[in-house]
Amino acid sequence: MGAGGEALFSHHDNLLGYARKHFPKLLRPRCDPEDVVQETYLAAINHPGRFDGENLGGWLMNLLKWKLNDTRDRETAGVRTVRRSKRMG
């Protein structure tokens with residue numbers, strides 16, 4: 001792993017700690033906080049041009065927060081639809 005990869009992954013413990021603390025417990029049977037951290041790294045690797053060269057840890061944390069929100073929205077979309085259908089029906 002090169003220096004860039006080492007710098008990227010040096011934030012793993014902070015990212016995973018945040019993900020575990022803020023990951024909705026209702027989603028844990030279907031998804032794991034570690035998965036969201038991995039998705040964060042994939043986004044960072046696939047879109048390096050979005051990093052302005054300042055504060056790598058802060059940028060990764062923002063990516064993680066977006067990924068947590070995306071995961072929550074994706075995983076609860078069907079639940080909201082079913083609940084809404086039951087009330088309407």
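Just so it is clear, the model here is predicted, and its values are computed rather than measured.
- Here the CG atom belonging to Leu8 is positioned 7.5 Å from the CH2 atom belonging to Trp59, to the nearest 0.5 angstrom.
- With rounding to the nearest 0.5 Å, the separation of CZ in Arg74 from NZ in Lys67 is 8.0 Å.
- Not a single side-chain hydrogen bond (donor to acceptor under 3.5 Å, both in side chains) links Asp32 to another residue, sequence neighbours left out.
- Between Val36 and Cys31, the shortest heavy-atom distance links the atoms CG2-SG, 4.4 Å.
- Leu42 and Leu60 sit in two unconnected hydrophobic clusters of ILVMFWY residues. Membership requires side-chain heavy atoms under 4.5 Å apart, directly or through other members.
- Atom CG of Leu68 is separated from atom NZ of Lys21 by 13.0 Å, given to the nearest 0.5 angstrom.
- Without hydrogens or angle criteria, Arg50 side chain to Ala44 main chain gives no donor-acceptor distance under 3.5 Å.
- For the residue pair His11 and Ala7, the shortest heavy atom distance occurs at CD2-O, 3.2 Å.
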Worked verdict on Tyr41 versus Leu15 for side chain to side chain contact (heavy atoms under 4.5 Å, CB included): CA-CA 10 Å; Tyr41 283 128; Leu15 295 173; 3.7 Å; yes
From CA spacing to verdict: side chain to side chain contact (heavy atoms under 4.5 Å, CB included), Tyr18, Lys65: CA-CA 9 Å; Tyr18 184 91; Lys65 290 174 183 178; 3.4 Å; yes
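- Rounded to the nearest 0.5 angstrom, Thr40 OG1 and Met61 CE are separated by 9.5 Å.
- Glu75 approaches Arg30 most closely through the heavy-atom pair O-NH2, 3.3 Å.
- Atom CG in Leu26 sits 12.0 Å away from atom CZ in Arg72 (nearest 0.5 Å).
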Stepwise side chain to side chain contact (heavy atoms under 4.5 Å, CB included) check, Thr76 with Leu27: CA-CA 8 Å; Thr76 60; Leu27 299 182; 4.0 Å; yes
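- Enclosure of atom CZ in Arg28 by more than 12 non-hydrogen atoms of other residues, nucleotides or ligands within 6.0 angstrom is indicated.
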Steps toward side chain to side chain contact (heavy atoms under 4.5 Å, CB included) verdict (Glu39, Thr71): CA-CA 10 Å; Glu39 288 180 22; Thr71 301; 4.1 Å; yes
